[in-house]
K.L.:
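Have a look at this one before I ask anything.
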Amino acid sequence: MKAMPWNWTCLLSHLLMVGMGSSTLLPRQSPPPSQKRSFVTFRGEPAESFNHLVVDERTGHIYVGAVNRIYKLSSDLKVLVTHQTGPDEDNPKCYPPRIVQTCNEPLTPTNNVNKMLLIDYKENRLIACGSLYQGICKLLRLEDLFKLGEPFHKKEHYLSGVNESGSVFGVIVSYNNLDDKLFIATAVDGKPEYFPTISSRKLTKNSEADGMFAYVFHDEFVASMIKIPSDTFTVIPDFDIYYVYGFSSGNFVYFLTLQPEMVSPPGSTTKEQVYTSKLVRLCKEDTAFNSYVEVPIGCERSGVEYRLLQAAYLSKAGAVLARTLGVRPEDDLLFTVFSKGQKRKMKSLDESALCIFILKQINDRIKERLQSCYRGEGTLDLAWLKVKDIPCSSALLTIDDNFCGLDMNAPLGVSEMVRGIPVFTEDRDRMTSVIAYVYKNHSLAFVGTKSGKLKKVELHTPRGGALGECWVSRTLAGLAVGL
């Protein structure tokens, strides 16, 4: 990536550490008596796990997806309504599920782990998808969690057979006079013949409509989906794509992922498996997925590489941080948490970093890659989808910021990593979650840690220009702060 001229001043990270109660989805750790604070708490059933939480931005009501239950809470965490989702008789080997046809596998009482929870504001309903019956979804009325629909009789209704709560991510694209779309991204757990790893579905107005969750487009040759080829598993037997976060911005939908790949360490002729964090981008209106592009992301500070994505959140820059970054206050920033290294997905190291990506810079890098590929330079560079190197094809056309691909040079990978700006690192208590927002023109981030702490990170420019000596490299490779 080209070096970019930056006029930087120092970024300060102001931290406020608060002990968290058990009402959060983070583990509980009580602070010393002198530091105790009063928090409103909500506790579910004994030994019950909370999986997902969404807040209705219009009412402040909170919806919690738990194992075997959906809760609706008031803004002060009082239970308003509950909806039972399990357990029920099932077996993960039953495909189609036994509610559609008889299954010869032994059935046992099985918990329903909530895997996705989305608010459909347009139709005032909650989309709650679980682990039972190959990942079917319920559509519940926001007011009282009354079941409006539960499509289960078609293969399009089975979103994922993975039992882990964080295995599915969804993004709703809304329209004024048309049915909405639901982009679904999921791990497939070695079953690519049953589940696409990414797809766009119809979100019909009628919750009981036959076309609910049908692919936006599907014919004999093309569909609004991408499946992991079976050849990929001959190279990496346990290959999967793990989706960490998803959002929409402008004309695109984005997903942040972790993907295993085989690489040769420096000086070695043998390959080893590592995990690479990648951003995936698709055009909202692309029914054939010709716009699919993925780009590796990570960040580095003081020579330490942070490459394993843990969490992410989209926010605005705000006026104060925008001046430091050289962007507009309304520009999108991606706040991300990475842990150190690339080799451990399930047992990440405690060293972690909070990093910022300017979304426009990622899009500019994607546009550069599209332009070079359409000049016939390089290969498609997407090893998991195209096991063989396929050269880019030359075509005379203009590629602007909103280019959505053709049925050539697609899907496409970017080989060079886009590096974020590290603003805070933690060596002992690994950061595991992040949210951010703008308050009185200031950009604030809140990160949760493995031990159950909450840290408030205020990003701003110190008065008088600098506190001590502050500097930054002229590329996105890193930010150094001297105090």
K.L.:
Looking at K367 and D401, is there a salt bridge between them, counting it only when a charged N and a carboxylate O are closer than 4.0 Å?
P.N.:
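Looking at K367 together with D401, the answer is yes, because their closest N to O distance falls below 4.0 Å.
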K.L.:
Check this for me, if you would: do K205 and D179 make a salt bridge, where the nitrogen-to-carboxylate-oxygen distance has to be below 4.0 angstrom?
P.N.:
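Between D179 and K205 there is no salt bridge, as every charged N stays at least 4.0 Å from the carboxylate O atoms.
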K.L.:
Under a 4.0 Å threshold between the charged nitrogen and the carboxylate oxygen, would E156 count as salt-bridged to K154?
P.N.:
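Not counted as a salt bridge, because no side-chain N and carboxylate O are separated by less than 4.0 Å.
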K.L.:
Keeping D120 on the side-chain end and L126 on the backbone end, is there a donor-acceptor pair under 3.5 Å?
P.N.:
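Flag not set: sc D120 to bb L126 has no pair under 3.5 Å.
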K.L.:
Could you check whether any side-chain N or O of Q259 sits under 3.5 Å from a backbone N or O of Y275, counting only pairs where one atom can act as donor and the other as acceptor?
P.N.:
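Side chain of Q259 to backbone of Y275, a donor-acceptor pair under 3.5 Å: no, none is there.
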K.L.:
Over 60° means perpendicular and under 30° means parallel, so classify the ring planes of Y243 and F255, tilted if in between.
P.N.:
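Ring orientation, 0 to 90° scale: perpendicular.
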K.L.:
Run the ring pair (Phe, Tyr, Trp, His ring centres under 6.0 Å) test on Y374 and F403 for me, step by step, so that the C-alpha distance in whole Å, both residues' side-chain angles and the decisive distance to 0.1 Å come before the verdict.
P.N.:
CA-CA 12 Å; Y374 276 85; F403 180 70; 5.4 Å; yes
K.L.:
Parallel, tilted or perpendicular, judged at 30° and 60°: which one describes the rings of F233 and F239?
P.N.:
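F233 and F239: perpendicular rings.
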K.L.:
Do L53 and L117 have side-chain heavy atoms sitting under 4.5 Å apart?
P.N.:
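When only atoms from C-beta onward are counted, L117 and L53 do not touch, as no gap falls below 4.5 Å.
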K.L.:
Using modelled atom types and a 3.5 Å cut-off, is there a donor and acceptor pairing between side-chain atoms of E261 and backbone atoms of Q273?
P.N.:
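No: the side chain of E261 does not pair with the backbone of Q273.
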K.L.:
Under 4.0 Å between a Lys/Arg side-chain N and an Asp/Glu carboxylate O for K450 and D350?
P.N.:
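Judged by the 4.0 Å cut-off on N to carboxylate O distance, K450 and D350 do form a salt bridge.
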K.L.:
Do the side chains of E123 and R125 get close enough for a salt bridge, i.e. N-O under 4.0 angstrom?
P.N.:
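Salt bridge flag = no for R125 with E123.
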K.L.:
Using the ring-ring contact (aromatic ring centres under 6.0 Å, His included) definition, which of the options Y133, Y95, F152 pairs with Y158?
P.N.:
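One option only clears the test, and that one is Y95.
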K.L.:
Is the distance between the ring centroids of F247 and Y245 under 6.0 Å?
P.N.:
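Centroid separation for F247 and Y245: below 6.0 Å.
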K.L.:
What about the rings of Y313 and F335, do their centers lie closer together than 6.0 Å?
P.N.:
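Ring-ring flag for Y313/F335: false, centres at least 6.0 Å apart.
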K.L.:
D240 side chain to V188 main-chain N or O, any donor-acceptor pair under 3.5 Å?
P.N.:
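At least one qualifying donor-acceptor pair exists.
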K.L.:
Can you see whether F213 has R201 sitting over its ring - NZ or CZ less than 6.0 Å from the centre and within 45° of the normal?
P.N.:
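Output no; distance or angle outside limits.
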K.L.:
Can you tell whether the side chains of E351 and R301 come within less than 4.0 Å, N to carboxylate O?
P.N.:
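Judged by the 4.0 Å cut-off on N to carboxylate O distance, E351 and R301 do not form a salt bridge.
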K.L.:
Do I172 and I127 pass the side chain to side chain contact (heavy atoms under 4.5 Å, CB included) test, and can you show the C-alpha distance, the side-chain angles, and the key distance before you say yes or no?
P.N.:
CA-CA 11 Å; I172 294 175; I127 303 172; 4.2 Å; yes
